[in-house]
Amino acid sequence: MEFAGAAHILIAETNPSQTTGDSPLEILHDVFGYPAFRGPQQAIVEHVTGGGDALVLMPTGGGKSLCYQIPAIARQRAGYGFTLVISPLIALMHDQVGALHEAGVSAAFLNSTLTSEEASDVERRLMRGEITLLYAAPERVTSLRFLALLDSIHERGQLSLFAIDEAHCVSQWGHDFRPEYRGLTVLHERFASVPRIALTATADDLTRADILERLQLQEAQAFVSSFDRPNIRYTIVEKRESTQQLLRFIQREHAGDAGIVYCQSRRKVEDIAQTLVEAGIDALPYHAGLDSKLRQRHQDRFLREEGVVMVATIAFGMGIDKPDVRFVAHLDMPKNIEGYYQETGRAGRDGLPAYAWMGYGLQDVVNQRRMIDESPAAEEFKQGLRGKLDALLGLAEATDCRRVRLLAYFGEQLGDGQPKYSCKNCDNCLNPPDIWDGTDAARKLLSTIYRVQQTSGMHFGAGHLMDIVRGKVTEKVTQYDHTSLSTFGIGADFSEIQLRGVLRQLIALGAVAVDAQAFNTLHLTDKSRAVLRGEVAVQLRESVSTPAERKSRSKSGAGPGAIKAPIALDGAALERYAALKAWRAEVAREHNLPAYVIFHDATLAAIAKRAPQSLEDLQGISGMGTKKLEAYADAVLKVMMQGE
């Protein structure tokens, strides 16, 4: 990856303002420009600033970075030295360091984008005590050369804190396990006196326990925030011409919005991106098979431009701080709820309304089960993966509140346990589905699988089996004389959509297995018997069309070219907001940073609404810290005067 101007960013002599106070609250206000902590931030910051170890579970957009950045500043001012931040992504390091410099904090990164001369300069500055936060990948941190550098700094009492970001990567049960994270145990073994904070947005009980054990943080205080993202609307639909479903969702709901579309395969990523472009949507593909420079250009465009839709595999997303992503869509079902939650959490980081849309179908379940079964992992591990997949399928098939189901997976209760609680912001709560008993249909399908295998000694795929149950005479049915089976036509009153839903449930229950080596044919298992006997009920949601979407924004005057403000603004304020966004874009290009690193949309909207005429008028606006006030006040006031 290449970052134009990276050397300038790294070598710039930026130091925290000497006029600010040293308490966490003063740093929050003076450096970052926020009036108050959110949720458990204050307790975390005070605990870590005081030298305590911590495990922090906080949803994407909840303000995790401040939980180690403020202690890093406070502890350095108290004479403890620098903070090492372990981060898995180069792009995230670059943007975090750029944002810290904008706030007046001395920060740097060490990664492969630097020349040897630039890297040596960072190390010299580190030895001189000129850096507050240093970002590095786990591979570099655990190298002998880097550990020797840390030894030297530690001997001088200048190693203040270890912050391990994306800590779920250390766990084999996490959705993005990375073996290199396992080596981070060396930090505690080698520098036992240095406090550590591990942070993640997603971890169920099993993953949390694994993080604590692997990082030797058993004595750390755990801070678990609410996983609820009330601004995100969850919608899960059955696939029926999924590409067209996606197009309708974007065109009717999100014309001109930034969004992410996740697909399972590289080929599908490219096909969907091309389809969106042909439909007039500014879309880009992103997957590991693309040239690294092209991937970087696409990521830069997504981060720096407005209204870009990224179509990607899960290779894209971790550490993406773009606050104004208005939707995340899944065209293929993820592997587990952790992955789903992490990926959907990239929408609406600014707290404004955002949407999580997913299409799923029988083939998704078949593919995911096949990948698990073909994995070389131990059977115990495979069972864990199957359980996680079943939990996600349960979320997809749920007839009650999606949010309740999602949060329950992470051990959080919403609605005081009320059975009919409504979050009023998911598809099931807004349009409650009807429920039907699919037990009879399940027994007929299982009986058909048994009869087919018994008479021909062969196994067949889902489509053929459903044709037999529905009494559909096809060339294949005739070829194998399956019209003579006793189960031929016994389910003629069921639709194909209904039977596909039943098969999804049977595969999830383990009552039907998929033979990946034989063209995804289906066969019975030991668990089939309980369903055939009627001992296990199969309850399903009625297959209904997607509810009518809201009126297209493009028809209501808020199309791709319209300015959308995060708060209500009158005509004159909206013009000021547009002018501020244009000015911010120029500054961002000059600094080679995403626009939101300069100022968030919410800050620009607050400025536009207040229409400041003096330096005093700008003070107290959220996101306007001391350094940014010094750097940009004159330019902002000039933009305001030009709008008069």
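- The shortest side-chain heavy-atom distance between F327 and I232 does not fall under the 4.5 Å cut-off.
- Residue pairs meeting the salt bridge (charged side-chain N to carboxylate O under 4.0 Å, His left out) criterion with at least one member in residues 608-625: none, sequence neighbours excluded.
- Using a cut-off of 4.0 Å between Lys/Arg side-chain N and Asp/Glu carboxylate O, R584 and D601 are scored as salt-bridged.
- At a threshold of 4.5 Å between non-hydrogen side-chain atoms, the residues R124 and E130 do not count as touching.
- In this structure, a donor-acceptor pair under 3.5 Å is present between the side chains of T113 and N111.
- E26 and S23 share a donor-acceptor pair across their side chains, judged by distance under 3.5 Å alone.
- Judged purely by distance below 3.5 Å, without hydrogens or angles, the side chains of Y596 and R304 never pair a donor atom with an acceptor atom.
- The list of salt bridge (charged side-chain N to carboxylate O under 4.0 Å, His left out) pairs with a residue in residues 51-75, not counting sequence neighbours, is empty.
- Each of H298, Q296, R297 was evaluated against D300; a single residue qualifies, Q296, per the side-chain hydrogen bond (donor to acceptor under 3.5 Å, both in side chains) test.
- Here D350 pairs with R326 in a salt bridge; the nearest charged N to carboxylate O distance falls below 4.0 Å.
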- Task: Mind running side-chain hydrogen bond (donor to acceptor under 3.5 Å, both in side chains) on T200 and H168 for me, showing each step along the way?
- Result: CA-CA 6 Å; T200 180; H168 59 271; 2.7 Å; yes
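- The pair K627-E630 does not meet the salt-bridge criterion, since no charged nitrogen lies less than 4.0 angstrom from a carboxylate oxygen.
- Looking only at side-chain heavy atoms (C-beta outward), Q96 and S87 stay at 4.5 Å or farther from each other.
- Between the side chains of E338 and Q342, no donor N or O sits under 3.5 Å from an acceptor N or O.
- Ring geometry for F162 against F191 counts as tilted: the plane angle lies between 30° and 60°, on a 0 to 90° scale.
- Counting only N and O atoms by type, the side chains of T132 and Q76 include a donor and acceptor under 3.5 Å apart.
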